[in-house]
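The block underneath contains the structure these notes are about, expressed in structure tokens.
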Amino acid sequence: MMTFLLIAIGGFIGAIARYVLGTWLNKKSSKGFPIGTLFINLLGSFLLGWIVGDGITSGLYSFLGIGFMGAFTTFSTLKLENVQLRENKKYSMLYPYLAYSYIGGILLAFAGISLGSL
């Protein structure tokens, strides 16, 4: 039961953090590029890699890895923004967004694992 509570609390905090940070960053983007989601997902990839690389387990992993990071990062918003960019024919934003999100996310996850393993 404690694991569920830790995940729920982490998820609550992660969702609020995503909303606040994403909203703030997206206000900075005058051209409509979804910088908030991109930054959050790249940061989340790195931090989750770090958590895994550090070997964090049990309650702390439930809180941070599953709860906070699960709610902080957002695959569904990434997909929605990709569809919106495509529908609006903003290909000059769509393709870099896809590349930064997927390639950057994988590279940052590896970087986080490496740093956490030190």
Side-chain angles (χ1 to χ4, degrees):
M1 187 55 122
M2 182 57 116
T3 300
F4 291 116
L5 185 59
L6 290 169
I7 293 169
I9 293 169
F12 173 79
I13 295 169
I16 298 299
R18 179 182 76 219
Y19 174 78
V20 170
L21 183 58
T23 301
W24 181 75
L25 286 170
N26 284 334
K27 285 181 184 176
K28 303 284 184 193
S29 177
S30 61
K31 302 205 187 246
F33 187 85
I35 192 70
T37 304
L38 177 64
F39 180 81
I40 287 165
N41 285 341
L42 292 176
L43 178 62
S45 294
F46 174 76
L47 292 175
L48 189 55
W50 190 354
I51 290 167
V52 169
D54 195 55
I56 293 174
T57 58
S58 67
L60 188 55
Y61 182 79
S62 295
F63 175 75
L64 289 175
I66 299 170
F68 183 86
M69 300 311 298
F72 183 67
T73 59
T74 174
F75 196 70
S76 58
T77 302
L78 166 72
K79 292 300 179 188
L80 174 64
E81 290 168 347
N82 284 321
V83 168
Q84 289 171 335
L85 289 171
R86 187 176 82 54
E87 286 178 349
N88 293 319
K89 297 182 181 2
K90 294 185 177 183
Y91 301 112
S92 63
M93 286 187 214
L94 173 63
Y95 297 127
Y97 185 42
L98 286 168
Y100 297 148
S101 294
Y102 290 105
I103 296 167
I106 290 167
L107 292 174
L108 285 167
F110 279 124
I113 289 169
S114 297
L115 183 65
S117 298
L118 295 177

### Message
Taking the side chain as everything from C-beta on, heavy atoms only, tell me whether R86 gets closer than 4.5 Å to V83.
### Response
no
### Message
According to ring-ring contact (aromatic ring centres under 6.0 Å, His included), who are the partners of F63, at least two apart in sequence or on a separate chain?
### Response
none
### Message
Using side-chain heavy atoms (C-beta onward) and a distance below 4.5 Å, is L85 in contact with P34?
### Response
yes
#### Entry: L38 side chain reached by S101 side chain, heavy atoms, under 4.5 Å
yes
### Query
Going from CH2 on W50 to CG on L47, what distance comes out if it is rounded to the nearest 0.5 angstrom?
7.5 Å
### Query
With the 4.5 Å side-chain cut-off for hydrophobic clustering, are V20 and L64 part of the same group?
yes
### Task
Look at atom OH of Y91 and say whether more than 12 heavy atoms of other residues, nucleotides or ligands are closer to it than 6.0 Å.
yes
### Query
At what distance, to the nearest 0.5 angstrom, does CD1 of I113 lie from CG of L118?
12.5 Å
### Query
Could you give the distance from CG (N82) to OH (Y97), rounded to the nearest 0.5 Å?
6.0 Å
### Atom pair CG (N41) and CZ (F75), whose distance is rounded to the nearest 0.5 Å
9.0 Å
#### Entry: Least distance between heavy atoms, L42 atom then Y100 atom
CD2-O, 3.3 Å
## Note on the structure
Tightest non-hydrogen contact, residues T77 and T37, listed as CG2-OG1, 3.5 Å
### Query
Are I106 and L98 in one and the same hydrophobic cluster, where Ile, Leu, Val, Met, Phe, Trp and Tyr link if side-chain heavy atoms are under 4.5 Å apart?
no
### Message
Please give me the minimum heavy-atom distance between A71 and G11, naming the atom from each residue.
### Response
CB-O, 3.1 Å
### Task
Give the minimum heavy-atom separation between N26 and F33, together with the two atoms involved.
OD1-O, 4.2 Å
### Task
State plainly whether one hydrophobic cluster holds both L94 and I103, where clusters connect Ile, Leu, Val, Met, Phe, Trp and Tyr through side-chain heavy atoms under 4.5 angstrom apart.
no
### Task
For the pair L48 and F72, evaluate side chain to side chain contact (heavy atoms under 4.5 Å, CB included) and give the outcome as yes or no after the intermediate values.
CA-CA 11 Å; L48 189 55; F72 183 67; over 6 Å; no
### Message
Measuring from atom CG of L21 to atom CD1 of I16, what distance do you get when rounded to the nearest 0.5 angstrom?
### Response
13.0 Å
#### Entry: Approximate separation, where rounding is to 0.5 Å, of T73 OG1 and F68 CZ
9.5 Å
### Message
Are L107 and L78 connected into the same hydrophobic cluster when the rule is that any two of I, L, V, M, F, W, Y join if their side-chain heavy atoms are below 4.5 Å apart?
### Response
no
### Message
Contact between T74 and R18 at the side-chain level, heavy atoms closer than 4.5 Å - yes or no?
### Response
yes
### Query
What heavy-atom pair brings P96 and M93 nearest, and what distance separates the two atoms?
CD-O, 3.4 Å
### Query
For the residue pair T3 and S62, what are the closest heavy atoms and their distance?
CG2-OG, 3.4 Å
#### Entry: Cluster link I40 to F12, ILVMFWY, side chain under 4.5 Å
yes
